[in-house]
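One structure is given below, encoded as structure tokens.
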Amino acid sequence: MKYWLMKSEPDVFGIADLEGCPGKTEPWDGVRNYQVRNMMRDEMKKGDLAFFYHSNCKQPGIAGIMKIVREGYPDHTAFDSKEKYFDPKSDSQNPRWYMVDVQHVRTLKRIITLNELKSHRELSDLPLVRRGNRLSVMPISKTHWNFILSLE
DNA sequence: GCCAACGTTGGC
DNA sequence: GCCAACGTTGGC
């Protein structure tokens, strides 16, 4: 089983929104980055756990835990010209973009802030705190995962 | 294949 | 709103 971190802007879709979805489950759609696409299509497996990270907001940080409940399948929002994430170069015959379904597991007792994550030497090689990293999905080692949870 | 221009991300 | 650090696009 693998561990992940996935970013979302809470003003658009936050941890509380995921918890409010039917079955607390929702497709993680709208990813339009090839590296992230490859991870979602090829590497994420059912049962993997992921941190829900709040980005581009007042208090960026880890807000909760979710579980991958459906493995990579075509992101149909790319096919629809009315969708925000429409991509004319993707179609159902030859889909360019993929998504997974995620389910809310639990909301953390508090946000573990980016500031705090940066302050721990143990996390100095966590991709999230490395300079210039803009990937919206990244793998997390088991060691880092456990350490971060111990901060809660 | 190079690289300038442009678009996006996301912390601050 | 600023801007650094990317990623993507497209002319050549």
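Bear in mind the structure is a predicted one, so any value in this text is a computation, not a measurement. Letters A, B, ... are given to chains in the order of the sequence lines, protein chains preceding strands, and every chain is numbered from 1.
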Taking only side-chain nitrogens and oxygens of A/K89, does any of them come within less than 4.0 Å of OP1 or OP2 of C/dT8?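 It does not, given that no N or O in the side chain of A/K89 lies less than 4.0 Å from OP1 or OP2 of C/dT8.
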
Does a side-chain N-to-carboxylate-O contact under 4.0 Å join A/D42 and A/R37? no

So, A/R106 and A/E152, do they make that salt bridge, N to O below 4.0 Å?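 A salt bridge is present here (some side-chain N lies under 4.0 Å from a carboxylate O).
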
With nearest nucleotides of DNA chain C determined for A/Y34 and A/R134 from heavy-atom distances, which residue corresponds to the more 5′ nucleotide? A/R134

Specify the separation, in whole Å, of atom [atom1] of [X] and atom [atom2] of [N].
X      : N      : atom1 : atom2 : answer
A/R37  : C/dG7  : CZ    : C1'   : 14 Å
A/R96  : C/dG7  : CZ    : C1'   : 13 Å
A/Y85  : B/dT8  : OH    : C1'   : 11 Å
A/N33  : B/dT9  : CG    : C1'   : 10 Å
A/N133 : C/dA4  : CG    : P     : 18 Å
A/R130 : B/dG11 : CZ    : C1'   : 17 Å
A/Y53  : B/dT9  : OH    : P     : 15 Å
A/L117 : B/dG10 : CG    : C1'   : 15 Å

Side chain of [X] - closest among [options]:
X      : options               : answer
A/P60  : C/dT8, B/dG11, C/dG7  : B/dG11
A/K7   : B/dG11, B/dT8, B/dG10 : B/dG10
A/L114 : C/dT9, B/dC12, B/dT8  : B/dC12
A/N56  : C/dG7, C/dT9, B/dG11  : B/dG11

Under 6.0 Å between ring centres: does that hold for [X] and [Y]?
X     : Y     : result
A/Y53 : A/W4  : no
A/F52 : A/W28 : yes
A/Y85 : A/W97 : no

What does A/K58 touch in the nucleic acid at a heavy-atom separation under 4.0 angstrom: a base, only the sugar-phosphate, or nothing?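 If one applies the 4.0 Å heavy-atom cut-off, A/K58 turns out to touch nothing in the nucleic acid.
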
Base, sugar-phosphate or nothing for A/Q35? Non-hydrogen atoms, less than 4.0 Å. sugar-phosphate

